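Quick note on labels: first sequence line is chain A, next is B, and so on, each numbered from 1. Note that the coordinates shown come from a computational prediction; the quantities given were computed from them, not determined experimentally. Every heavy atom of this structure was used, including side-chain atoms; hydrogens, water molecules and symmetry mates were not.
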Amino acid sequence: MTPAPAWVVRHGKLINEIRECWSSLQLGAVKTRACLFGSRLALHSIEFRAGRIAAPDLQQRIKERLRTLVMAGVSEVKNGRREMSMLRMKSPTMRILAQTILLLFWSALAGWASEANGPSSHGTNIFAPESTPAKSIADLSVFVLAITGIIFVVVFTLILYALVKFRARATDGGREPAQVYGSTQIELAWTIIPILIVVVLFLATARVIHAVQDAPEPAGAVQVTAIGHQYWWEFRYPRLGIVTANELHIPVSDPGHPTPTFLQLLSADTDHSFWVPELAGKTDLIPNHPNRMWMDPQRTGIFLGQCAQYCGVQHAKMLLHVSVDGPEDFAAWVRAQQKPAVEDAGAIAGRRVFERNACMNCHRVDGTSADGHFGPDLTHLMSRATIAAGAAENTHDNLRLWIQDPSAIKPGSLMPAMKLSDPDLDAVVSYMETLN
Amino acid sequence: MTAVTTSFPNAATEWRLPSRGKVAMAGLIIAESAIFTIFVVAYLFYLGKSIAGPTPREVLETPIFYTICLLSSSLTIHLAAKSLERDYGRLFLGLWLLTIALGGLFLYGTAQEWHRLIYERGLTISTNLFGTTYYSLVGLHAFHVTVGLIMLLVVAIFGFMGRVGVSQSDRVAVLSMYWHFVDAVWVVVFTVVYVLGR
Amino acid sequence: MASDAITVPVGQIEARPWVDELHQWLTTVDHKRLGILYMFSALLFLVIGGVEALIIRIQLMHSHNNFVSPEVFNRMFTMHGTTMIFFVAMPVLFGFANYLIPLMIGARDMAFPRLNAFSFWLSFLGGLLLYFSFLGGSGLYGAGNAPDVGWWAYAPLGARAFSPGHSSDYWTLSLLVSGFGSIGTAINIIATVLCMRCPGMKLSRMPLLAWLNLVMGGMVLIAITPLSAAQIMLLIDRYLGGHFFDTQAGGSAVLWMHFFWIFGHPEVYILVIPAFAFLSEIIPVFSRKPIFGYPVMVAATVAIGLVSTSVWAHHMFTIGMNSYANSFFAITTMAVGVPTGIKIFNWIGTMWGGKIQFKVPMLFCIGFLFQFLIAGLTGIIQSCVPFDWQLSLSYFVVAHFHYVIVGGILFAIFGAFYYWYPKMSGRMLSERLGKWHFWLFLIGFHLTFDVMHIPGLLGMPRRIYTYEPGRGWDTLNFIITIGAFIQAIAILVFVANLIISYFKGARAGNDPWDAWTLEWSISSPPPAYNFATVPTVASRRPLWDLKHPKDPDSRYE
Amino acid sequence: MATLSTTEQLGQSPRAPREIEVPASTAWPFLLALGAALLFAGLVTSASVSCLGALLAVAGSVGWFREVLPREHEEAVPVLPEDIRLITDRRVVERLPVLPDQLRAWLPVHSYPISAGVKGGLAGSVAMAVLACTYGVLKAGSVWYPINLLAAVAYRESSRLGPAQLYSFHADAFAIAFVLHGVVSIFVGLLYGAMLPMFPRRPIVLGGLIAPALWSGLLYTILGLLNPLLASRIDWLWFMASQVAFGIVAGLVVVRQPSFPTRENVSFVLRAGIEAPGTMPPRESGENH
């Protein structure tokens, strides 16, 4: 496979085009990669995401363009396969092997495509950093990968050379090779060279450790206290008097006037870990052991992440959602969050149900008797796009299902099934829907 | 081809290897030291971190007498092992019993202290972090003393039956290594709990 | 009586009723039989742990899969990790150590044959106790639960408050029990190597396998015991109401992490050093040269042993240690790479200028070299603390340590099976099936664990039972699952090879590989007493001296 | 083909005994292990299991005790005749061309003692420091300028120094730069000592040209990450010159050291370059020949 076949080159161009198209959508690079595989499933998920774009005509246009692009990709892959099979594989083993290689090649290409994806990415790729800590980590990573890559190539070649050059041959005629015991010189050499490499690596590492970890907190920084609970996140803004859950809103940081966000990390129960790969490395939330981390995203958008430290049954669905807002958007969001809960006369029945049942033991709604702290604060529930720590979208049906039977969405969640009668359930859901 | 009949030169005129009993006991002692190290580290780490009382300063009394008992038992067991090597059977038995008595006295001291702490001071293993770490560390040591005493007793019984002679002196020496270790650990535990910890 | 028995050829066992046979195995104190028992129990648990791995992989095959519930998934990865480390890797390595060390140093048995039996049974019963949790987990018979707190059971998840019932107790107790067994075996190995060598077998003439296992034994003594101590503390917490790891009463979750990894990191070296030992025996024989730089190999092993006791916190770079602690553990971790690199280079030096024969044992060793190289480099990558803030707890780490344990240690173990099976059974393993096994496993391995690095780079955390679609993880996970199944097929080929060759394999003779260490100087399988007369050696390769009487090694050492 | 018997070859005495005592099989260790396991299992099942376990453990201990005391219980196993073949088809062993009379070898045949590398490294470090300081005086007017720059590799405070402070003396920066320079120089000197015998004809080319070029090239690519301060102010010409000075001086010093043959496995003291009389015991010819 030394010279890349023509179809691979063509396909590469196609990838670029798809990527650009997606940049305009500001959706994840991961989609691009999904397209690469030409899978129908990916197409569905693209359509699903595109469905969430506001303007219908734009949506339609993008959809169409993507569809043609993806279809072109699929046919490219098919053509490619045909080309490959024309290489006249002699045995099925060889064919399987070739396909395996092809598959690996694709995944490598895919990894590269998403790595190179640059400014439009909102996925969880650690090579698409959007904030200073993540960027300095990515820079260091490239450096370390280069050094280890060189070591790999050198040693790999040495082994391969030894295997080929010194293989036993039929012409050896039962002779033993010369018996060499060792060589102090060369052993000294391959002790010292690694030591020097280690020194270089260490100096580079220590520099970045210090830069990220010991960064001083500027006066204008936004302070957030993030508290890990079993399977959801609580965010408190002590200076702004805001309490919210699961979806962290932070301001974008202009390099000219940096407004970084400093997080104080606490845990209410077990260990968790805060990880939004494109904004910063992960830091654990450990009971009795407050931690600190910071980020200064330089682009607006929604960044994904999730709990990285195993914390119990539903560790998988403890998703994180960081919304980086422009200065005005952030100020507006802060104002909205600081308001007390909306009192809607139409939903008074639902509010009664809420206050009569166990809901109020765990949840808090500002201005009512509900003042629990075990579950998320619901005062501005409707301002959040998802419920159950990102496990489901915040829609009427999902809310209803969640209250009725949480395990249908998130088995093992600590929210109990409320077993409400249908009218009560409807009333509570419509009450929830007023809490914006 | 012909049969080759060269044999090795006599490489080892004198081939001496360490005693496996002593090597094994040394291994066990290393392993036990690691266990004790972890407990000591936990004790030191949690010093002064208890949320509620009582604190070590309030309740602990330094067991000087019992410490002297335990440490001097190291001497007696050493002399006992030496006298067995030289085949002084009666002297061995006497010193051996003295060792048991001293060890027993130490254990009694620990029991008495625990009794006082539990019933007079209300400090149990679940009271606070100090209680947890204190009873664990001292208890772990007391457990080792107990195991040692049981083994010493077994030897004593066999001694009375006249079955412990010079031929067993290696085994007795290995046992005495264990007892020395238990004593040495007490020095550490004592320093940590009664000196540094207060 | 003696004259009757003397006519019975070695290796042929009289037909006995199976109860007799079983009694023989239960009461044996023979190091060879115990070694085989260790390997059998390891293979049994390997299959069980493998099935758990497959369940994990099926569940993760695509997003939002519902093959198993999250509870079951969590039990599976906990049990898979615990089983593979404590009841597969350690027993099989102890088994080889048990079987080979006395044969290689010219001893008739281990230093303490009965302690040996005791240690094996403790370890094995510990494993049974762990698996009994499936039946008796919550303390209520018939409604059991296996542990589900992960193989490191971080506090406070392992405390009563978050893990009610008895499932975590099973984990604690079984590791405690088998840990005592491991300590017994380690003491035995050390005493055997130091005190049972045949005349002339100075420390500087010992086969490297004996040397490396000596270091391994020493590491077990200082690494397994902190785990046992921590388990005792956890039991005190769970049964007596102690507060060691009770964060509500001021206890520290971080202390548990430290205690666990003070054990956990050296554990990796406890597993990999015997694997190094296999390579150091197999590569010279199939390269037809002595090991390159014997003293340096010993020194490097000891150095690894020493340095590896001060690197544990590199598993904890994300817990918020201060920058000095992070830097310290970064440099010590990188430093381990130096002696490890020396070993890899010395194996290359051994092959350099040799006449390499590509028999199956050697194939597995070559696989080890390549994969361990990559594993080492990804290890260096993760020792760069900031990079590790991204990689830690992600699938990249999962790929990395499977690269070490499967790509490294397991490959070495397979090589050892192919190399020493003739000695143990008197029959050769089939080369043809062996090559199938090797290539299938190699392909499956790379398909699984090469690809597994990528989801880690794309932000996929470990230990999640499901994931959202559209994160770009689906296809990769699908490929990983396919690879896992190919590996499973390869293991089946291996087991089939073990069984078929036992009955139909070619007769091995005492020295099928034209090797140089003492175990090949006695019949296969060896008689109960190993050596009719205790041998005397004058060099590191006593059989070379015998085979080349005009040019013995002893003249040069 | 010859068939050899191990009894003749490996043993001191050609006569093997007819019977050999091996430790007797015993069930007590198993019983003790079972007891101990049950003792613990009782914690998660019921107290009665623990009681049974304790009982078994005591029985096992007593049984085991009686098994080994006063004498270990052994049983005699008859010695079986073995058919042992210890021969090789590969009877010819190739020789290294450099050592036709030797079967085993340590390579290279001649080598410098380790101390030669250390000496070379120290000499080179002085040469390099002199050149670097000359540069400091000539270009920046201060000896301390290059030292402060070097210290910034590892020292946070130095990297924060303002332009004016860079030219004055800082004791801490000096200490760090001194140690750093010394340690790295010794290591590189060692490397030269190790590598030079492998390129026997042109030691100076390696030390004076190839190695500095490689080293500078490597540093050029990574300096920005390693030492941003130095990277922003470096004068590559002078930098290369100092590297070459180091290489040539170190190479010359190493080459001028006496080398010794590695044919015999030389003792550590000799390799370390300690040549006091009596440090090398004469080889015991009786043992190995």
Side-chain angles (χ1 to χ4, degrees), chain A residues 30 33-34 37 45 107 111 124-126 137 140-141 144 148 151-152 155 158-159 162 166-168 172 176-177 179-182 187 190-191 194-195 198 201-202 205-206 208-210 212-214 270-271 273 277 281-284 286-289 291 306 308-310 313-316 411-412, chain C residues 69-71 150 154 156-157 162 247 252-254 288-290 292-293 296 318-320 323 326-327 330-331 334-335 337-338 341-342 345 348 351-357 369 373 377 380-381 384-387 389-390 393 451 454 457-459 461 463-466 469-472 475-476 479:
Chain A
V30 281
R33 205 178 53 259
F37 294 102
S45 97
S107 51
T124 49
N125 182 352
I126 68 167
I137 291 174
L140 177 72
S141 312
V144 175
T148 48
I151 299 173
F152 174 74
V155 182
L158 273 179
I159 301 177
F166 302 111
R167 66 185 190 278
D172 285 340
E176 299 279 24
Q179 305 289 302
V180 176
Y181 265 29
E187 285 168 56
W190 64 47
T191 311
I195 290 179
V198 161
L201 275 179
F202 172 69
T205 301
V208 180
I209 293 178
H210 168 67
V212 173
Q213 216 177 344
D214 301 339
T270 61
D271 302 335
S273 194
K282 63 182 78 59
T283 310
D284 289 4
I286 302 167
N288 273 357
H289 183 92
N291 274 334
Q306 68 190 85
Q309 182 69 276
Y310 178 62
V313 180
Q314 258 304 347
H315 165 58
Chain C
S69 69
E71 290 88 349
Y154 267 7
L157 195 59
F162 300 102
T247 47
S252 167
V254 175
R288 312 304 308 159
K289 280 177 64 202
F292 192 89
V296 176
T318 64
I319 69 151
S323 53
N326 277 337
S327 306
I331 185 124
M334 289 172 183
V338 175
I342 292 173
F345 287 127
I348 300 175
M351 298 193 298
W352 204 270
K355 297 185 190 305
I356 302 168
Q357 303 166 333
L369 280 184
L373 169 67
L377 291 175
I380 292 288
I381 284 172
C384 295
V385 182
F387 203 178
W389 288 333
Q390 293 282 22
L393 302 171
V451 177
I454 304 173
L457 298 176
L458 295 176
R463 298 180 163 179
I464 52 172
Y465 79 97
T466 190
R471 302 287 291 269
T475 317
L476 298 169
I479 298 171

Assert top hit (heavy-atom pairs under 4.5 Å, partner chain A, pool C:Ile380, C:Ile464, C:Ile348) equals C:Ile464
C:Phe387 and A:Leu140 have their tightest heavy-atom pair at N-CD2, 4.3 Å
What's the spacing between A:Asp271 CG and C:Thr247 OG1 if we round to 0.5 Å? 8.5 Å
Cut-off 4.5 Å, heavy atoms of chain A, and the answer for C:Leu373 is side chain
Grab the two heavy atoms, one from A:Ala308 and one from C:Pro461, that are nearest each other, plus how far apart they are. CA-CB, 4.0 Å
Just so I understand: if I count every heavy-atom pair under 4.5 Å between each of C:Gly320, C:Gly150, C:Ser323 and chain A, which residue has the most? C:Ser323
Partner chain C: residue of A:Leu201, A:Ile209, A:Ile151, A:Thr283 with the largest heavy-atom pair count (under 4.5 Å): A:Ile209
Taking A:Gln179 for its side chain and C:Arg288 for its backbone only, find out whether a donor-acceptor pair lies under 3.5 Å. yes
For C:Ser69, which atoms come within 4.5 Å of any heavy atom of chain A: side chain, backbone, both, or neither? neither
Which atom of C:Ile356 lies closest to which atom of A:Ala162, heavy atoms considered: CD1-O, 3.6 Å
Flag the pair C:Trp352 / A:Val180 as yes when at least one side-chain heavy-atom distance between them is below 4.5 Å, and no otherwise. no
Sort out for me which of A:Ala206, A:Gly412, A:Pro411, A:Ser141 touches chain C most, counting heavy-atom pairs under 4.5 Å. A:Ser141
If you round to the nearest 0.5 Å, how far is OG1 of A:Thr270 from OH of C:Tyr154? 12.5 Å
If I take atom NZ from residue A:Lys282 and atom CD from residue C:Gln390, how far apart are they, to the nearest 0.5 angstrom? 6.0 Å
When every non-hydrogen atom of A:Glu187 is compared with those of C:Gly293, the smallest separation belongs to OE2-CA, 3.5 Å
side-chain contact (heavy atoms from CB on, under 4.5 Å) assessment of C:Met334 paired with A:Thr205: CA-CA 11 Å; C:Met334 289 172 183; A:Thr205 301; 3.5 Å; yes
Proximal component of C:Tyr465, with respect to chain A [non-hydrogen, under 4.5 Å]: both
Residue from A:Ile159, A:Ile195, A:Val144 scoring the most non-hydrogen pairs under 4.5 Å with chain C is A:Ile159
Could you check whether any side-chain heavy atom of C:Phe345 comes within less than 4.5 Å of a side-chain heavy atom of A:Thr191, counting everything from C-beta outward? no
OG1/C:Thr318 to CG/A:Asp284 distance, rounded to the nearest 0.5 angstrom? 3.5 Å
Pick from C:Ile381, C:Val338, C:Leu393, C:Thr466: which one has the most heavy-atom pairs with chain A under 4.5 Å? C:Leu393
Would you say the side-chain atoms of C:Glu71 pair up with the backbone N or O of A:Val313, donor to acceptor, closer than 3.5 Å? no
Part of A:Ser273 within contact of chain C (heavy atom distance under 4.5 Å): side chain
A:Thr124 (side chain) donor-acceptor with C:Leu458 (main chain) under 3.5 angstrom: yes
Residues C:Gly459 and A:Pro277: closest non-hydrogen pair is CA-CG, 4.1 Å
Taking all heavy atoms of C:Met351 and all of A:Phe166, pick out the closest pair and write down the distance. O-CB, 3.7 Å
